[in-house]
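Structure, as structure tokens:
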Amino acid sequence: MSLLILRNLLKTFGGLVAMNSVTFSVDEASIVGLIGPNGAGKTTTFNIITGNYRPDSGEVIFDRKDITGRPTHKIVELGIARTFQNIRLFQDMSVLENVLAGCHCRMRAGLFPSLFRTPAQRSEERQAVERAMRELAFVGLDDQYANLAGNLAYGNQRLLEIARALASDPKLIILDEPAGSMNDPETAVLIELIYAIRQRGVTVLLIEHDMNLVMNICEGIAVLNFGHVIAKGTPEDI
């Protein structure tokens with residue numbers, strides 16, 4: 001069954017057509033790649049799915065709900081998380097604090113409990129720390145929890161972004177060039193991590209220029225060029 005459906009998405013920036021009738025779907029618990037040359041509209045597609053942009057027309061259906069144009073924080077609450085092409089960590093915060101930021105959307109304590117540190121709020125905070133540490137262990141960074149995020153090696157910063165996204169308890173995780181600038185050993189770790197994410201029942205949609213990675217792990221691929229989907233299918237089809 002399709003978890004995410006894009007239908008006839010159009011997005012223009014002035015006279016530039018970034019997306020033109022983009023249509024494809026992503027099945028539950030699958031790994032799907034979105035590929036194409038620079039400027040093809042891939043990141044624009046991600047930004048529309050996650051609410052950073054509003055399409056001029058068309059619709060985004062997630063988990064049988066129309067989420068077209070909803071605010072980003074509402075889309076995260078529904079179960080979509082993402083990483084970015086350019087790493088966006090809180091560089092001067094600890095590794096643990098970065099992942100706790102991902103837990104925030106699932107926390108329910110309001111202003112009063114937080115100000116007065118009620119038992120319920122303290123319990124929720126402990127649970128968030130435990131969740132964050134589990135996600136750090138999942139990506140292999142639990143021994144780095146006290147370090148500043150900005151002091152991590154580049155590949156580990158990528159892993160930290162994924163841990164932060166997973167901490168929001170997503171049904172779909174969107175990875176924007178996760179292997180960008182990684183060396184071969186780092187890419188091998190990433191591939192195993194993506195498989196492990198899917199084994200948790202989380203659907204993966206990724207943009208990637210490393211065709212070896214895409215062809216080896218993706219079950220479905222959509223190809224964008226000049227804002228059009230020019231091919232869809234299995235790696236063999238593509």
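We're numbering straight along the sequence, starting at 1. Scope of the values below: all heavy atoms of this structure, side chains included, with no hydrogens, waters or symmetry mates.
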**Message:** Could you tell me if the side chain of Leu100 sits less than 4.5 Å from the side chain of Met93, heavy atoms only?
**Reply:** no
**Asked** Under the 3.5 angstrom rule, does the side chain of Asn52 hit a backbone N or O of Ile48 as a donor-acceptor pair?
**Response** no
**Side-chain heavy atoms of Leu213 within contact of Leu190, under 4.5 Å** = yes
**Complete:** Value for CG (Leu3) from CD1 (Ile61), rounded to nearest 0.5 Å, stands at 11.5 Å
**Closest heavy-atom pair and its distance - Asp142, Met133** = O-CE, 3.8 Å
**Message:** Donor-acceptor pair, distance only, cut-off 3.5 Å: does the side chain of Glu177 make one with the backbone of His209?
**Reply:** no
**Item:** Side-chain touch Val214/Met211, heavy atoms, less than 4.5 angstrom
**Value:** yes
**Request:** Indicate the atoms forming the closest heavy-atom contact of Phe62 with Leu78, along with that distance.
**Result:** CE2-O, 3.4 Å
**Message:** Are Leu34 and Phe84 linked, directly or through intermediate hydrophobic residues, by side-chain heavy-atom contacts shorter than 4.5 Å (ILVMFWY only)?
**Reply:** no
**Euclidean distance, Asn183 CG relative to Tyr154 OH, rounded to 0.5 Å** = 11.0 Å
**Message:** Please check this pair: side chain of Ser168 against backbone of Gly102, looking for a donor-acceptor N/O pair closer than 3.5 Å.
**Reply:** no
**Request:** Establish, for the pair Lys42 and Phe46, whether the NZ or CZ atom is under 6.0 angstrom from the six-membered ring centre and no further than 45 degrees off its axis.
**Result:** no
**Prompt:** Shared ILVMFWY cluster between Leu10 and Phe24, side chains joined below 4.5 angstrom?
**Reply:** no
**Asked** Between Glu219 (side chain) and Ile31 (backbone), is there a donor-acceptor pair under 3.5 Å?
**Response** yes
**Asked** Any ion pair linking Glu135 and Arg131 (charged N to carboxylate O, less than 4.0 Å)?
**Response** yes
**Message:** Surrounding CG of Asp143 (heavy atoms of other residues, nucleotides or ligands, distance under 6.0 Å), is the total greater than 12?
**Reply:** yes
**Asked** Does one hydrophobic cluster hold both Ile80 and Ile5, with members joined at side-chain heavy-atom distances below 4.5 Å?
**Response** no
**Prompt:** How far apart are the closest heavy atoms of Leu6 and Val60, and which atoms are they?
**Reply:** CD2-CG1, 3.8 Å
**Message:** Is the shortest side-chain heavy-atom distance between Ile194 and Ile162 below 4.5 Å?
**Reply:** no
**Request:** Check whether any side-chain N or O of Asn47 sits under 3.5 Å from a backbone N or O of Tyr53 as a donor-acceptor pair, and report yes or no.
**Result:** no
**Asked** So which of Ile174, Leu175, Ile173 actually passes side-chain contact (heavy atoms from CB on, under 4.5 Å) with Arg82?
**Response** Ile174
**Item:** Approximate separation, where rounding is to 0.5 Å, of Thr12 OG1 and Asp56 CG
**Value:** 4.0 Å
**Request:** Please confirm whether the backbone N or O of Ile75 pairs with a side-chain atom of Arg70, one donor and one acceptor, at under 3.5 Å?
**Result:** no
**Item:** Heavy-atom side-chain contact between Asn156 and Val95 under 4.5 Å
**Value:** no
**Prompt:** Ignoring hydrogens and geometry, is there a side-chain-to-backbone donor-acceptor pair from Lys171 to Thr203 under 3.5 Å?
**Reply:** no
**Item:** Reported CD-to-OG distance for the pair Gln85 and Ser181, which is rounded to 0.5 angstrom
**Value:** 9.5 Å
**For the student: nearest non-hydrogen atoms of Val139 and Ala163, plus distance** = CG2-CB, 3.9 Å
**Request:** Please check if any side-chain donor atom of Asp237 sits under 3.5 Å from a side-chain acceptor atom of Thr234, or the reverse.
**Result:** yes
**Message:** Is there a side-chain contact between Ser57 and Asn8 in this structure, where contact means two heavy atoms from C-beta onward sitting under 4.5 Å apart?
**Reply:** no
**Non-hydrogen atoms of Cys218 and Gly33 that approach each other most closely** = SG-N, 3.5 Å
**Request:** Tell me whether Phe226 is reachable from Val17 by hopping between hydrophobic residues (I, L, V, M, F, W, Y) whose side-chain heavy atoms are closer than 4.5 Å.
**Result:** no
**Heavy-atom closest pair, residues Ala165 and Pro170** = O-CD, 3.6 Å
**Request:** Quick one: pull up OG1 in Thr187 and CG in Leu193 and give me the separation to the nearest 0.5 Å.
**Result:** 12.0 Å
**Message:** With a 3.5 Å distance limit and no angle check, can you tell me whether Asn20 reaches the backbone of His228 through a side-chain donor-acceptor pair?
**Reply:** no
**Prompt:** Can you tell me if Glu208 uses its side chain to pair, donor with acceptor, with the backbone of Ala179 under 3.5 Å?
**Reply:** yes
**Message:** Quick check for you: to the nearest 0.5 Å, what is the distance between Ile221 atom CD1 and Ile238 atom CD1?
**Reply:** 5.5 Å
**Request:** Return yes if some donor-acceptor pair links the side-chain N/O of Asp27 with the main-chain N/O of Ser30 below 3.5 Å, else return no.
**Result:** no
Residues 145-153 side chain polar contacts: donor-acceptor under 3.5 Å, at least two apart:
| residue | atom | partner | partner atom | Å |
| --- | --- | --- | --- | --- |
| Asn147 | ND2 | Gln144 | OE1 | 2.4 |

**Message:** Starting from Leu141, can I reach Val189 by hopping between I/L/V/M/F/W/Y residues whose side chains sit under 4.5 Å apart?
**Reply:** yes
